[in-house]
Amino acid sequence: MRTVSEVTITFSNEDNLFLTHQMVNNLLIQKSKHVVNQAKTLINLQELENKVQAHPMVSSAQVSVGVTGELEVSVKQRKPLARMFNAQNVVYLDAKGLEMPLSSNYSARVPVINNKNGFIKPKEVFPLIQKIEADDFLKKLVVSVQKDQEGYWFQTRYNQQKVLLGDLNKINQKLKKLKVFYTFMEKDSLSGTFRKIDLQYNNQVVCSK
């Protein structure tokens with residue numbers, strides 16, 4: 001009777017940042033026993049897949065048994081795009097806009113969403129977070145996102161400047177204006193003295209000290 005000889009675990013998105021091989025290995029339990037040395041015919045691959053996929057850091061998993069008896073586990077981890085500070089907890093927003101717990105193994109370098117006042121709804125802010133993630137300029141510039149009575153703000157890495165977006169209507173135009181403005185700022189020595197950059201108005205950027 002052929003048995004499972006060993007377990008091979010691979011992470012399909014290259015880095016096993018939030019999970020270790022041992023953490024995944026610990027999930028491979030069936031009938032109160034680890035799968036190694038169990039008969040291949042008794043292994044329920046779907047059950048094992050479901051166990052691995054149920055882990056809060058896992059996006060998807062595939063489990064199969066090779067011809068030689070090796071159990072092969074392929075894991076794709078969830079990808080955080082932002083860290084959201086709420087009044088009661090701190091979570092990541094993942095690449096699907098869903099809440100994801102923090103990890104004791106790794107802290108992702110992603111923008112912060114300051115939502116301690118409860119003004120921000122994940123579904124509303126997620127398209128903005130996606131735009132930051134997809135744009136190298138914004139990824140380097142934006143430290144945090146917050147919202148108050150005036151609307152959405154960026155806290156930037158440049159001289160602690162704050163950028164007022166207002167609502168998220170015409171957001172592509174506003175972000176385009178922001179890029180043009182910072183390109184101009186590189187040539188203007190006075191630009192570093194501005195503390196607030198307001199993008200709410202059509203065809204103009206309003207700055208104040």
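The basis for the numbers below is simple: all heavy atoms, side chains too, and nothing from hydrogens, waters or symmetry mates.
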Task: Check against side chain to side chain contact (heavy atoms under 4.5 Å, CB included), L45 and Q62 - done: CA-CA 9 Å; L45 298 178; Q62 291 184 325; over 6 Å; no

Kindly indicate whether the side chain of [X], heavy atoms from C-beta on, has any atom under 4.5 Å from the side chain of [Y].
| X | Y | value |
| --- | --- | --- |
| E72 | V63 | no |
| V35 | L48 | yes |
| V143 | V112 | no |
| L19 | N105 | no |
| N203 | K177 | no |
| L175 | F154 | yes |
| N37 | V4 | no |
| V36 | V7 | yes |

Please give me the minimum heavy-atom distance between [X] and [Y], naming the atom from each residue.
| X | Y | value |
| --- | --- | --- |
| V73 | V75 | CG1-CG2, 3.8 Å |
| K51 | L27 | CD-O, 3.5 Å |
| L17 | Y106 | O-CB, 3.1 Å |
| A108 | R83 | O-NH2, 2.8 Å |
| A95 | F126 | O-CZ, 3.3 Å |
| K131 | N172 | NZ-OD1, 2.9 Å |

Task: Connected-component partners of V180 among ILVMFWY, side-chain separation under 4.5 Å - done: none

Under a 3.5 Å distance rule, please check whether [X] uses its side chain to pair with a backbone N or O of [Y] as donor and acceptor.
| X | Y | result |
| --- | --- | --- |
| K33 | Q38 | no |
| E49 | S64 | no |
| N86 | K116 | no |
| Q53 | S59 | no |
| K174 | D167 | yes |
| T3 | S5 | no |
| N50 | Q46 | yes |
| Q161 | K196 | no |

Task: Pair N115-K147, side-chain donor/acceptor within less than 3.5 Å - done: no

TODO: Using distance alone, with no hydrogens and no angle criterion, decide if N26 and H34 have a side-chain donor and acceptor under 3.5 Å apart.
DONE: no

Check for me, please, whether [X] and [Y] land in the same ILVMFWY cluster - side-chain distances under 4.5 Å, paths through other members count.
| X | Y | value |
| --- | --- | --- |
| F119 | V90 | no |
| I113 | L128 | yes |
| W153 | Y182 | no |
| I29 | V52 | no |

Open item on the list: Before you tell me yes or no, could you show the steps for N114 and M84 under side chain to side chain contact (heavy atoms under 4.5 Å, CB included), namely the whole-Å CA-CA distance, both residues' side-chain angles and the distance that decides it to 0.1 Å?
Closed with: CA-CA 6 Å; N114 186 345; M84 177 176 275; over 6 Å; no

Task: Salt-bridge present (D94, K79; N to O < 4.0 Å) - done: no

Open item on the list: F85: which residues meet the ring pair (Phe, Tyr, Trp, His ring centres under 6.0 Å) condition with it, sequence neighbours left out?
Closed with: none

A quick test of your reading: do over 12 heavy atoms of other residues, nucleotides or ligands sit less than 6.0 Å from [atom1] of [X]?
| X | atom1 | answer |
| --- | --- | --- |
| Y201 | OH | no |
| Q204 | CD | yes |
| K162 | NZ | yes |

So how far is it from [X] [atom1] to [Y] [atom2], rounded to the nearest 0.5 Å?
| X | Y | atom1 | atom2 | answer |
| --- | --- | --- | --- | --- |
| L141 | Q155 | CG | CD | 10.0 Å |
| Y152 | L164 | OH | CG | 12.5 Å |
| K40 | E70 | NZ | CD | 11.0 Å |
| E99 | Y92 | CD | OH | 13.5 Å |
| F18 | S104 | CZ | OG | 11.0 Å |
| I132 | L81 | CD1 | CG | 9.5 Å |

- [ ] Among V163, T183, L165, V142, find the one that has a side-chain contact (heavy atoms from CB on, under 4.5 Å) with L178.
- [x] V163

Task: Q30/N44 under side chain to side chain contact (heavy atoms under 4.5 Å, CB included): CA gap, chis, key distance, verdict - done: CA-CA 8 Å; Q30 198 162 273; N44 186 328; 3.4 Å; yes

TODO: Could you give me the CA-CA distance, side-chain angles and deciding distance for L98 and L93, then say whether side chain to side chain contact (heavy atoms under 4.5 Å, CB included) is met?
DONE: CA-CA 5 Å; L98 303 175; L93 281 190; over 6 Å; no

